[in-house]
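Here the structure is laid out as C-alpha cells; the discussion comes afterwards.
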Amino acid sequence: MYKAPVEEIAFTLNHVAGLGAALEEGRLGDLSGDLVDAILAEAGRFAGEEIAPLGESGDREGARLVDGKVITPKGWPALYKAWCEGGWNGLTGPQDFGGQALPHMLNVAALEMWNAASMAFALAPTLTMGAIEAVSKHGSDELKQTFLEKMVSGEWTGTMNLTEPHAGSDLGVLKSRAERVGDGAYRIFGQKIFITWGEHDAADNIIHLVLARLPDAPAGTRGISLFLVPKFLVNADGSPGERNDVFCHSIEHKLGIHGSPTCTMIFGDGKFGAEKGALGYLVGEENKGLACMFTMMNNARLAVGIQGVAIAEAATQKAVAYAKERTQGKAPGWQGSGMSPIIEHPDIARTLLTMKALTQGSRAICYACAHAIDLSHVTEGEEAKAWAERAALLTPIAKSFSTDAGVDVASMGIQVHGGMGFIEETGAARYLRDARIAPIYEGTNGIQAIDLVTRKLPLSDGAAVRGFIGELKGVAEKLAASNDAAFGTSAERLSAAIADLEAATDWLLETLAAGRQAEALAGATPYQRLFGLTLTGAYLATGALAAASDGAGEKRVALCRFAAENLLAETAALKDAVVGGAASLEAARVVLG
C-alpha cells in the first residue's frame with residue numbers, strides 16, 4: 001500500500017526547489033516551516049489511510065453510467081466529501097471566497113500524494129482547481145460571487161470542455177456554438193468528448209467551462225469564446241436550481257483511471273429545460289476565450305506533470321517492497337541460505353535505482369516550476385518577469401519529462417515483478433495503465449516540445465534559458481568544489497550534460513533565428529528529454545550537496561552519483577539528435593508512404 005514520502009517531499013521543497021530560502025527571506029507572508037510540515041503530514045496521512053484503499057477498489061469497480069447518471073466507485077462520494085471537509089480543495093484558492101491562498105508549491109506537493117494514492121480520484125479536484133483559477137482571473141464579479149465560494153470549498157466541481165470528435169489539439173476548428181440571448185447570457189450547443197469528471201455523484205453541482213464560437217466570430221482560434229455552463233442553474237439564494245440543458249451521453253471504457261468518469265457531454269439538445277440550449281455565461285471577453293482557457297490549461301499542465309511523479313513514486317514503492325521479499329537464484333556474493341532476494345541482483349538494483357532517480361528528478365522539476373510560479377506572484381518588476389519566464393520555461397519540461405518518467409518507471413516496476421507484474425492482482429499493472437494517459441493529457445508531450453522550442457527558448461531573446469543554464473553550471477562547479485570522493489565522476493558527468501544542453505540550445509536558437517523552423521522542430525522532442533535529464537542530474541546534485549553539508553547525505557550522494565554515471569551519458573546522443581537529426585528525418589519520410 002502506498003505511503004506518502006513526506007520527508008522526501010519536504011526535503012525537495014525546502015532544499016532543492018527553494019521553499020526553505022523563500023520562507024527565510026519572508027517572501028511568502030506568514031507561512032512558517034512548522035505549518036508546512038503540518039500540512040504535508042496530514043496530506044500524507046489522508047492520502048495513505050483514506051484515499052489509497054479506495055483507489056484500489058475504485059480501479060476494479062470503475063465508474064458506471066446507469067439511466068443517464070454516472071455512479072462513481074463505492075465509497076468515493078463520501079471520500080470526496082471528507083476530502084473537502086479537510087479544506088484541501090481551497091489550499092491555494094482565493095481568500096475572498098474561502099480559500100487559504102497558500103503557495104502553489106504546497107498544493108503541488110499535496111497533489112502528488114493524492115494522485116499517488118489514486119490518480120482517478122485526484123482528477124476531480126485537479127480540474128476544479130484549474131477552473132477556480134480561470135474564473136478568478138477572468139470572470140466577472142457576478143460570476144465570482146455566484147460560483148467561486150462553492151467551487152473553492154469543493155461543494156461544486158469544475159470541468160474543462162475543449163475537445164470535440166474532430167477537434168483535438170487544433171481548437172481552431174471546433175464547432176460548438178453559442179447564441180446571445182440577452183442579459184449577458186448565452187445558449188450553448190455542441191458535443192464535447194473526453195471530459196474528465198463531466199458527470200458524477202460526488203458533488204451537488206458541476207461547473208463546466210466550455211469553449212464555443214459565436215455566429216459572427218472570426219475564423220480559427222481568434223473566434224473562440226469561453227463560457228461557464230452549470231449543470232444546475234443557480235437560485236437567488238445560491239442553491240442549485242433547475243437542470244440546465246447539458247447531460248452526459250456516454251462514458252469511455254479506458255485503459256486506466258477506471259474510477260474517473262471520462263464523459264461525452266451534450267450541450268443544448270433539448271433534453272432538459274423548456275427551451276433548447278444550455279444557458280452559459282461569458283468568461284472574459286467574446287472571441288478571447290482561448291487566452292482565458294490557457295490559464296486553466298497551464299495550471300493543468302503542471303498538475304499532469306505531478307501525476308507522472310505520483311505514479312512513479314507509487315510504482316517505485318511497490319517494486320522495492322516486492323524486490324525485498326521475492327527470492328530467486330543466488331546473487332553474486334550472496335552469503336545467506338537459500339535463494340537471495342531479487343533486490344540483491346545487480347540488474348534489479350540498477351532498475352530500482354533508475355526508477356528512484358527519475359522519480360526524484362521529476363519531483364524536483366515540478367516543484368521548481370511551482371516555486372517559480374509562486375515567486376512570480378510575490379515579486380515585482382524585472383524579478384517578477386524573470387520568475388514568470390522561469391515558470392514558462394519549466395512548464396513544458398515538467399509536464400513532459402515527468403509524465404514520460406511516470407510511464408517508464410511504471411513499466412520498469414512491472415519488469416521488477418516479472419510475470420506477476422502482468423497479473424492485475426499485484427497492482428503493478430494499474431500504475432502503467434493509469435500513467436499512460438498523462439503524456440497525452442493537456443497537450444501531448446510532442447506539443448509541449450513544440451512550445452518549449454518555439455515559444456519558451458526565445459523568451460527575452462534567449463536570455464531566460466541561457467541564464468538558467470548558467471545557474472546549472474554553478475551547481476556543477478559546487479559539486480566539483482566539494483572534493484568528495486563519494487560523488488565519483490558526478491561533477492564531470494553533470495558538466496558534460498550541461499555542455500550538451502547549452503550546445504543544443506544555441507543551435508536551436510540560431511536555427512529558429514534563421515527561419516528554419518522545421519529543422520528546429522525535428523529535434524524538439526529529444527531536446528525536451530535532454531533538458532529534463534540534465535535538470536535531473538543538477539537537482540539530485542543540489543539535494544546531495546545540501547544533505548552532505550549536515551552529514552546526512554550518504555544516500556543522496558549515492559543516488560546523485562548513480563544518475564550521473566548511468567543516466568547522463570544519454571545527453572550526448574540526444575544533443576546529436578537535436579543538431580543532426582533533421583536531414584535523416586526528412587529523408588526517411590518515404591518510409592511512411
By side-chain hydrogen bond (donor to acceptor under 3.5 Å, both in side chains), Ser402 pairs with (sequence neighbours left out) none
Kindly write out the residues that satisfy side-chain hydrogen bond (donor to acceptor under 3.5 Å, both in side chains) with Thr403, not counting sequence neighbours, or none if the list is empty.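 Scan of Thr403 (side-chain hydrogen bond (donor to acceptor under 3.5 Å, both in side chains), adjacent residues dropped) gives Asn445.
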Is any NZ, NE, NH1 or NH2 atom of the basic residue among [X] and [Y] found under 4.0 Å from an Asp or Glu carboxylate oxygen of the other?
X      : Y      : answer
Asp59  : Arg433 : yes
Glu112 : Arg363 : yes
Glu50  : Arg45  : yes
Arg27  : Glu25  : yes
Lys356 : Glu8   : no

Between His371 and Trp387, does the ring centroid distance fall short of 6.0 Å? yes
If you take all heavy atoms of [X] and [Y], which pair is closest and at what distance?
X      : Y      : answer
Arg556 : Ala544 : O-CB, 3.6 Å
Ile257 : Asp434 : N-OD1, 2.6 Å
Leu533 : Leu568 : O-CD2, 3.3 Å
Glu313 : Tyr2   : CG-CE1, 4.1 Å
Lys456 : Pro396 : NZ-CD, 4.0 Å
Gly406 : Ile311 : O-CG2, 4.1 Å

Tell me whether [X] contacts the main-chain N or O of [Y] through its side chain, where contact means a donor paired with an acceptor under 3.5 Å.
X      : Y      : answer
Lys399 : Ala300 : no
Lys231 : Asn205 : no
His200 : Ala202 : yes
Tyr80  : Gly154 : yes

Minimum side-chain heavy-atom gap [X]-[Y] below 4.5 Å:
X      : Y      : value
Leu535 : Phe468 : yes
Leu54  : Ser118 : no
Pro125 : Trp114 : no
Ile447 : Thr444 : yes
Ser376 : Arg390 : no
Ile195 : Thr262 : no
Tyr367 : Ile306 : yes

query: Crowded around Glu149 CD? As in, over 12 foreign heavy atoms under 6.0 Å?
result: no
| field | Enclosure of Lys254 NZ (heavy-atom neighbours >12, cutoff 6.0 Å) | value |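 More than 12 heavy atoms, drawn from other residues, nucleotides or ligands, come within 6.0 Å of this atom.
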Note to self: Parallel, tilted or perpendicular, judged at 30° and 60°: which one describes the rings of Phe121 and Trp76?
What the structure shows: perpendicular
Separation of [Y] [atom2] from [X] [atom1] (nearest 0.5 Å):
X      : Y      : atom1 : atom2 : answer
Glu570 : Asp500 : CD    : CG    : 11.0 Å
Tyr441 : Phe194 : OH    : CZ    : 10.0 Å
Cys369 : Asp374 : SG    : CG    : 10.0 Å
Phe401 : Cys366 : CZ    : SG    : 10.0 Å
Leu209 : His138 : CG    : NE2   : 10.5 Å
Gln528 : Gln448 : CD    : CD    : 6.5 Å

Would Thr505 and Tyr527 count as having a side-chain donor-acceptor pair, cut-off 3.5 Å?
yes
| Under 3.5 Å, is there a donor-acceptor pair linking the side chains of His104 and Thr92? | no
